[in-house]
Trainee: 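Here it is, the structure, as structure tokens.
Nothing here was measured: the structure is a model prediction, and the numbers come from that model. Proteins come first, then strands; the chains are lettered A, B, ... in the order of their sequence lines, and each starts at number 1.
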Amino acid sequence: MSAVPQPTISLASRNFKSLPAPKTLLKTLSSSHSLTHFKQIHAQILRSNHSHSHSLILKLLLSSPSLTYSLSIFFHLPHPLPSISTPFLRHLSRSSKPELAFFVYQRLRNEGIRIDRFAFPPLLKAAATVGGLAEGKEIHGFGFKSGFDSDPFVQTGLMAMYLGCGRLLEARLVFDKMSYRDIVTWSIMIDGYCQSGLFDDALELFEEMKSANIEADKFIFSSFLSACGRAGNLDYGKAIHDYIIQNDLVVDAHLRSALVTMYASCGCMDMAQQLFDQMTPKNLVVSTAMVSGYSRHGRVEDARLIFDQMLEKDLVSWSAMISGYAESDQPQEALRLFNELEVLGIRPDQVTMLSVISACARLGVLDKAKWIHLFVDKNGFGGALPINNALIDMYAKCGSLERARGVFEKMTRRNVISWTSMINAFAMHGDANNALIFFHKMKEAHIEPNGITFVGVLYACSHAGLVEEGKKIFTSMINEYKITPKHEHYGCMVDLFGRANLLREAVEIVETMPLSPNVVIWGSLMAACQIHGETELGEFAAKRLLELEPDHDGALVLLSNIYAKERKWQDVGELRQLMKERGISKEKGCSRIELNNEVHEFLVADRNHKQADEIYDKLDEVVNQLKLVGYAPNTGSVLVDLEEEEKREVVLWHSEKLALCYGLINGRKDPCIRIVKNLRVCEDCHTFMKLVSKVYGREIVVRDRTRFHHYRDGVCSCKDYW
DNA sequence: GAAAAGATGT
């Protein structure tokens with residue numbers, strides 16, 4: 001713990017004739033807001049003969065606009081009694097800087113000043129809030145020595161402290177030793193299990209509580225429900241709801257909020273909407289929960305409807321709507337909303353900024369990214385760790401690995417997320433070498449990699465064909481780091497072997513993995529088969545995939561392509577019919593290009609752009625130029641129900657080619673053409689980009705669904721391995 | 001004199 005700042009007392013107010021009475025001073029304190037004014041009053045008190053008045057000192061401590069200033073006042077009190085220190089501790093523990101309570105505690109301990117048992121709940125609350133296990137344990141030890149550890153309030157505080165530090169077992173130990181437990185005690189312990197997703201333990205305890213004749217209150221149900229929502233556990237959530245109905249419990253606004261939130265987080269929007277409709281008036285929190293529920297489940301328009309109907313909106317609701325657009329892949333709308341917020345003069349907070357940065361990352365426009373970065377720095381968010389982590393990701397996804405690295409290098413503190421973001425950045429740009437170097441550096445810096453870090457590292461290996469390295473890392477993840485592989489890890493391994501044409505090994509992973517293969521796994525295997533022309537296995541994988549997700553467009557297209565190749569026209573016909581009936585088509589390709597601070601969007605065969613004629617003329621010219629160096633359109637990736645000639649046209653009108661031609665026409669100042677595409681780049685476009693980079697001497701950066709391609713002088717950074 | 005709950009983010 002570092003030193004505490006000394007008080008600087010301004011003696012600016014010399015023009016008073018007589019000293020005010022304590023009552024007047026107390027009143028002045030309540031109305032004083034600025035620190036300067038506050039210091040003046042403090043000086044008055046010091047010069048008066050009331051400086052020993054307990055109530056005045058306490059009022060000073062609790063009403064100072066600066067916590068560090070009140071801490072320095074406290075440090076100048078000669079021998080503070082519990083009647084001063086305990087309320088002060090409570091004040092600090094509820095403040096925005098609960099850790100300041102530890103300074104007070106340390107002073108009292110160092111100087112052997114009396115601490116009463118009422119001081120323990122606030123101290124433990126501070127430790128619980130900041131997750132300070134070391135401080136919490138020290139306070140626990142001192143409480144034990146002082147004989148306060150049998151006090152139920154101290155014990156409940158201890159439980160909350162251990163739970164706040166993630167120590168479920170220690171909390172339970174305290175709980176089991178308690179001789180008197182009230183509803184708060186039970187609530188905290190049950191909430192502890194809920195927070196960790198241990199619903200069975202929570203319910204078991206809930207039953208025990210009922211046996212102990214303690215009546216459940218709305219707090220318990222709220223925490224149950226919120227935990228169910230976070231864990232996406234609809235079954236338990238419904239069970240709690242049923243219990244509430246069956247027992248005819250009063251559902252107040254708070255509890256109804258919790259119910260709506262639970263249903264909304266579990267994606268059960270009909271149920272959420274039904275409960276929401278019954279609410280009058282609809283409060284801010286519950287409306288916000290509906291906004292985030294709808295947008296998280298791909299219904300951002302419904303979210304917007306509720307957002308627009310809200311009579312009052314606070315920063316949280318704005319943030320929820322902004323992040324809704326960001327996550328629904330409508331980053332432009334997210335940024336537009338952020339602009340609106342600016343116009344209204346509402347200051348964004350860190351969470352808003354994280355959503356905005358994430359929107360910018362999805363948009364992939366480097367100019368916008370630079371602008372956001374400036375905004376972040378200007379508004380004082382630049383020092384925050386989560387912000388910098390998000391900036392790394394943003395720059396990487398906007399195509400600037402250098403800037404991502406720049407942010408990383410400048411950071412004074414880095415956590416797992418910082419390192420993981422940087423590793424992912426390298427992986428995304430096909431720089432597996434640096435991804436692995438940073439993985440090692442991270443370990444040298446004593447930052448423990450987590451499951452997500454390994455996804456990034458394995459992804460880097462699979463996209464660079466580093467089979468042996470990938471195998472080693474996968475094994476060390478399990479054996480050394482004791483991380484149980486999840487679907488994404490197995491997916492990376494299937495990808496790693498599949499891309500390297502080791503399909504037998506890939507199948508072995510699928511067959512031996514302890515989890516049941518999901519859409520991602522079958523998708524990886526299917527993609528590998530597609531690359532290596534393994535029709536039989538590809539057909540098998542596609543069929544398994546369709547069992548899990550009958551509308552998967554990729555699998556349907558692949559299957560029909562396989563059948564077409566094998567001339568099984570009847571199967572092709574059936575599949576086409578099925579797709580028509582269900583209204584399934586390949587997701588429309590869409591490409592964006594940034595030019596002169598404007599973003600231009602193109603769809604396949606798009607003619608909406610105002611310079612469309614020019615663009616198509618340019619395309620003809622480029623195609624003719626490329627044909628001179630041997631280019632021939634490759635139609636392998638086009639949907640089946642077209643004639644060969646039509647396919648050739650469609651492939652030429654792919655959105656990224658249109659965006660590229662627009663870039664060639666207009667962006668002569670910028671040495672680099674940056675394009676963002678929503679789907680994977682097709683074989684033909686990949687070749688096309690390489691040739692253009694050579695023939696036209698331009699650098700082209702294309703972001704596709706998962707990664708970047710840097711084309712320069714006829715070569716792509718992915719080494720044609722993507 | 002004391003301890004618990006609902007919405008946003010990497």
Trainee: Picking from dT10(B), dA4(B), dA2(B), which would you name as closest to the side chain of Asp217(A)?
Mentor: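 Output: dA4(B).
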Trainee: Could you check Glu301(A), Arg304(A), Gln273(A) and say which one makes a side chain to side chain donor-acceptor pair (under 3.5 Å) with Tyr294(A)?
Mentor: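 The single option meeting the side chain to side chain donor-acceptor pair (under 3.5 Å) with Tyr294(A) is Gln273(A).
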Trainee: Does OP1 or OP2 of dA4(B) have a side-chain N or O of Lys125(A) closer than 4.0 Å?
Mentor: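 Result: yes.
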Trainee: Which is true for Asn388(A) with a 4.0 Å heavy-atom rule: it touches a base, it touches only sugar-phosphate, or it touches nothing?
Mentor: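 Answer is nothing: Asn388(A) stays at 4.0 Å or more from every strand.
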Trainee: In whole angstrom, give the distance that lies between atom CG of Leu275(A) and atom C1' of dG6(B).
Mentor: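 The answer, rounded to whole Å, is 14 Å.
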Trainee: Look at Arg296(A) and dT8(B) and indicate whether a side-chain polar atom (N or O) is within less than 4.0 Å of OP1 or OP2.
Mentor: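 Answer is yes, contact under 4.0 Å.
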Trainee: Can you tell me which nucleotide in dG6(B), dA3(B), dT8(B) comes closest to the side chain of Ser319(A)?
Mentor: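 Nearest to the side chain of Ser319(A) among the choices is dT8(B).
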Trainee: For the side chain of Val351(A), starting at C-beta, report the closest nucleotide among dT8(B), dT10(B), dA3(B).
Mentor: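 So the nucleotide nearest the side chain must be dT8(B).
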Trainee: Is it true that Glu207(A) and Lys210(A) have a side-chain N and a carboxylate O under 4.0 angstrom from each other?
Mentor: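 Looking at Glu207(A) and Lys210(A), the cut-off is met.
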Trainee: Between dT10(B), dA7(B), dA3(B), spot the one nearest the side chain of Asn389(A), thanks.
Mentor: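 Between dT10(B), dA7(B), dA3(B), the one nearest the side chain of Asn389(A) would be dT10(B).
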Trainee: Nearest to the side chain of Asp314(A) - dA7(B), dT10(B), dG6(B)?
Mentor: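 Given the options dA7(B), dT10(B), dG6(B), the side chain of Asp314(A) is closest to dA7(B).
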Trainee: In this structure, how many angstroms lie between the C1' atom of dA2(B) and the NE2 atom of His91(A), rounded?
Mentor: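 Value for this atom pair: 17 Å.
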Trainee: To the nearest Å, give me how far apart CG (Leu163(A)) and C1' (dA5(B)) are.
Mentor: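 Computing the Leu163(A):CG to dA5(B):C1' distance gives 15 Å.
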Trainee: Near Leu311(A) CG, under 6.0 Å, is it more than 12 heavy atoms from other residues, nucleotides or ligands?
Mentor: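 Not more than 12 within 6.0 Å, no.
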Trainee: In this structure, how many angstroms lie between the P atom of dT10(B) and the CD1 atom of Ile447(A), rounded?
Mentor: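 Value for this atom pair: 20 Å.
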Trainee: Less than 6.0 angstrom separating the ring centers of Trp419(A) and Phe439(A), yes or no?
Mentor: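 No, the ring of Trp419(A) stays outside the 6.0 Å limit from the ring of Phe439(A), centre to centre.
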Trainee: Mind calculating the distance between CD1 (Ile190(A)) and P (dA4(B)) to the nearest angstrom?
Mentor: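 So the two atoms are 16 Å apart, to the nearest Å.
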Trainee: Side-chain N or O of Ser292(A) versus OP1/OP2 of dT8(B): is the shortest distance under 4.0 Å?
Mentor: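 Checking dT8(B) against Ser292(A), a side-chain N or O does come within under 4.0 Å of OP1 or OP2.
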Trainee: Students often get this wrong, so: under 4.0 angstrom with heavy atoms, is Asn424(A) touching a base, only sugar-phosphate, or nothing?
Mentor: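 Nothing: the residue Asn424(A), judged by heavy atoms under 4.0 Å, touches no strand.
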Trainee: Among the nucleotides dA4(B), dG9(B), dG1(B), which one has an atom lying closest to any side-chain atom of Leu354(A)?
Mentor: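 From the listed options, dG9(B) comes nearest.
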Trainee: Is Ile452(A) atom CD1 crowded by more than 12 heavy atoms from other residues, nucleotides or ligands, each under 6.0 Å away?
Mentor: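 Atom CD1 in Ile452(A) is not crowded, with 12 or fewer foreign heavy atoms closer than 6.0 Å.
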Trainee: Go through dT10(B), dT8(B), dG9(B) for me and flag the one nearest to the Ser355(A) side chain.
Mentor: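 Nearest to the side chain of Ser355(A) among the choices is dG9(B).
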Trainee: Nearest whole angstrom, please: distance from the C1' of dA2(B) to the CG of Leu158(A).
Mentor: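 Going from CG in Leu158(A) over to C1' in dA2(B) covers 13 Å.
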Trainee: Look at all strands and tell whether Arg256(A) reaches a base, only sugar-phosphate, or nothing, counting heavy atoms closer than 4.0 Å.
Mentor: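 The residue Arg256(A) makes no contact with any strand.
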Trainee: With stacking defined as ring centroids separated by under 5.5 Å and planes differing by under 30°, is Phe153(A) stacked against dA2(B)?
Mentor: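 Given the distance and angle limits, yes, they stack.
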Trainee: Give the nucleotide from the list dA3(B), dG6(B), dT8(B) with an atom nearest to the side chain of Thr156(A).
Mentor: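 Selected nucleotide: dA3(B).
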Trainee: Write down the distance between CG (Leu225(A)) and C1' (dA4(B)), rounded to a whole number of angstrom.
Mentor: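 About 15 Å, once rounded to whole Å.
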Trainee: Would you mind classifying the nucleic acid contact of Arg94(A) as base, sugar-phosphate or nothing, using non-hydrogen atoms under 4.0 angstrom?
Mentor: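 Sugar-phosphate, no base atom in range.
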Trainee: When the aromatic ring centroids of Phe224(A) and Tyr243(A) are compared, is their separation below 6.0 Å?
Mentor: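 Between Phe224(A) and Tyr243(A), the centre distance exceeds or equals 6.0 Å.
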Trainee: The side chain of Pro121(A) lies closest to which of these nucleotides: dG6(B), dA3(B), dA4(B)?
Mentor: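 Closest of the options to the side chain of Pro121(A): dA3(B).
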Trainee: For the side chain of Ser323(A), starting at C-beta, report the closest nucleotide among dT10(B), dG6(B), dT8(B).
Mentor: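 So the nucleotide nearest the side chain must be dT8(B).
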Trainee: Atom CZ of Phe118(A) and atom C1' of dG1(B): how far apart are they, to the nearest Å?
Mentor: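 Nearest whole value for this atom pair: 6 Å.
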